[in-house]
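Single-structure report; data block below.
Note that these values count all heavy atoms, side chains included, but never hydrogens, waters or copies made by symmetry. By convention in this document, chain letters (A, B, ...) are assigned in the order of the sequence lines, proteins followed by strands, and residues within each chain are numbered from 1.
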Amino acid sequence: MTSYWCTTSYTPRRGRRVMGLALGAAALLALSACGSSGGSAAGGAGGAGTAVTIGLATPLSGAFAQSGKDEQAGAQLAVDQINSAGGIAAIGGAKLKLDVVDAGDTPQQATTAARQMLNTKPVAAMGCWYSSLTLAATQISEQAKIPWITGSASDDLVGRGFKYTYQISEGINQATPEFIKVFTQLSKGAPVRLAVLQDNNVASTGLVKTLGQQLPGGTAAIVSDQIWTPPLADATPPVTAVLQANPTVIFIEATSTTDQTQVLKQLKAQGNTAPVVMGASSAVNPSFLQSVGAEGMQGIFVPSSVAFPGKGSDSVVKAYTAATGQPYMGSEAFEGYSDVWVIKEALESARSADPQAVKAALDSMKATGVPALALLPSGSTVSFQPNGRRAGTAVELLQWQNGLPKVLSPADVANGSEAS
Amino acid sequence: VYVLQLVITGLQQGGIIALLAVGLSLMFGVLRVVNFAQADFMMLGMYGVVTLSALASVNFTILAALLAIPGFIIGWLVYRFVIAQVGKSKLGATPEHAQLLATLGLSLILQNLAQAIWGATPLSLPGTQTLDVWTIGPLVVDKPRTLAFFVAIAVVAIMLAVLRNTHVGRSVRAAASDAEAASYAGINVRRAYSVTFAVSIALSVVAGGILVSYYPVDPQTGSDFILLMFTAIILGGLRSVVGALVGGLIIGLVQALSQLIIPLQLNEAVVFALFLLVMLFRPAGLFGEVTRL
């Protein structure tokens, strides 16, 4: 059939050449640039009037940009608080300076960003929120021998024998028993019929695979498992399939806010009455208030390996919301905030802005009674295990209540109780 | 019942891909421009409707239709001051290469501009936090997607009627066939090109305005659709409006129905497998025509 308006002959060779270029350009698009949002000062020895540079690599563009910006805002709040309180007392009141680079949304971009940032010789670095980015960036920090603090939850971060990576959150695999406990509780005594809606992100499939292995046989089973490659074109088929399996609990393990939003709306549209649990710690991001609404999020449970500000955090949250205009402080912002305070304590202990001295201070850290760090689960004393993970980390169980995630457990940071 | 559900879902999804692909096809057919910023103009349409909805409680379809006007103006300006200018470049690149790179740059500019204005958080249309559906027995029919489907069909029908029956349409067709001969016949080819580019952008903006009724928008949303758009027009035949429509619908149907035999996570791979098959066995697409040199 002839194309409608074209009466001349069509030469496929020319069209193919152009489309070939188009596909090449697509590859260029995928590799679109990551940039830096700030300059850098040397992280060398400080003193009053000098600055000690902390590097932050976090996504400022691409799919995870909002999480990255939140992390940056949390880190900046901590820097401002520390500087206004006199800076690092042990090195002459040196002020902290944040050198922020864009980790983008691919490991390649994160690697480039980490290399760029570490070239400026920060005393320590932090980021990148998403585990796959952090795994890539910490390869560079390990080579550069710069301590890297992160709230990312991948177990691989502390499973590679690296000496310069410090993880303040609980590992994702340790969260599995907490998930099973929640599923059992929500099934109200009936056998657990778990329906899963997940993307095929490595962390998502890994978690669901572990769940499948650890669910108690005979009393719990995965009755439907719908896996997609992001972006999800239409949530109708997977949600329909899940609801037809008559689940007692629905578990959403997806990384994209757009996908999560579509699934939640579709569940509601199809009249779902089964309780919903979301696996990604980003499921407590304030953006859900806009995209799904407080009513749509009401009652959803989120077991999170990454800490969320709970009991005692009112003043920090107030300062954060005043500075950013966000309705509350999410776990991304809290990660940035906590990371900076850990580095601050290491600097005080090291009495030096030398990265090796800071590493030694982190290895031997026993930070007790630091108000900002006490907001973490088991944060009354902060120390690190030999593999780099913080001692005493715990999974927090959160529940959306009236437009705000509340921490239900562990008890030392809980600021709410379960709502039906 | 499940198959019927998938057919409905596939047609609905295909409708919006078709609406997006029609503009791209029109542009390539007449101007030979591969526009990588096409989906980013769609993204601007999505933001436009979200922003206007916050100011006035007007139905999103009306807002989307109204946005066709600024979409047309922006398209006209972009063609006159960017695409046409780089097409005349004497820097050694062919016009196609220069224009392709220009649209790539435009895409990055639009994404960063959107991020600067609206931020990176996905935004939804106010009042659409609950999805609107018809439940017909066991079938779930999504209202916004159904609307998008019918709008797509209507737009293609209007487009064909305009191309076939109006002076502007005949000018565009003549310019597409042979620009030099058209200019000898007194047709203002430059204006025909500008109109084509502007209409193509306006179509994307309108499609975005419809899409945002069920799909949240962020600065990267265009990248969720750009490859599907290109696949649709190649599948249908690079320079055919009807082909773009059919290509879009086929993609939607294939994505949905493939779930019957292939895991959901592979449905995009199925689309591209189909694309490769078409390239192998019918390289000009379903509605294209091959002429051997």
Using heavy-atom distances under 4.5 Å, tell me whether [X] contacts chain A through its side chain, its backbone, both, or neither.
{"X": "B/Pro219", "value": "neither"}
{"X": "B/Phe225", "value": "neither"}
{"X": "B/Asp218", "value": "side chain"}
{"X": "B/Arg170", "value": "neither"}
{"X": "B/Leu123", "value": "both"}

B/Gln13 versus A/Asp234, side-chain donor and acceptor atoms under 3.5 Å: no
Counting heavy-atom pairs under 4.5 angstrom with chain B, the leader among A/Pro237, A/Ala65, A/Ser287 is A/Pro237
The criterion is side chain to side chain contact (heavy atoms under 4.5 Å, CB included); which residues satisfy it with B/Thr166, sequence neighbours excluded? B/Val162, B/Val168
Take B/Val133 and A/Gln270, measure what side-chain contact (heavy atoms from CB on, under 4.5 Å) needs, and give me the verdict at the end. CA-CA 8 Å; B/Val133 296; A/Gln270 294 200 30; 5.9 Å; no
Where A/Gln262 and B/Tyr215 come nearest, the two heavy atoms and their spacing: NE2-CE1, 3.4 Å
CG on B/Leu264 to CG on A/Leu197, rounded to 0.5 Å: 9.5 Å
One should read off an interatomic distance between B/Gln265 CD and A/Thr205 OG1, to the nearest 0.5 angstrom, of 8.5 Å
Of the listed B/Gln12, B/Arg145, B/Gln220, the one with the largest count of heavy-atom pairs under 4.5 Å with chain A is B/Arg145
Heavy-atom check, side chain of A/Lys265 versus side chain of B/Ser124, under 4.5 Å: yes
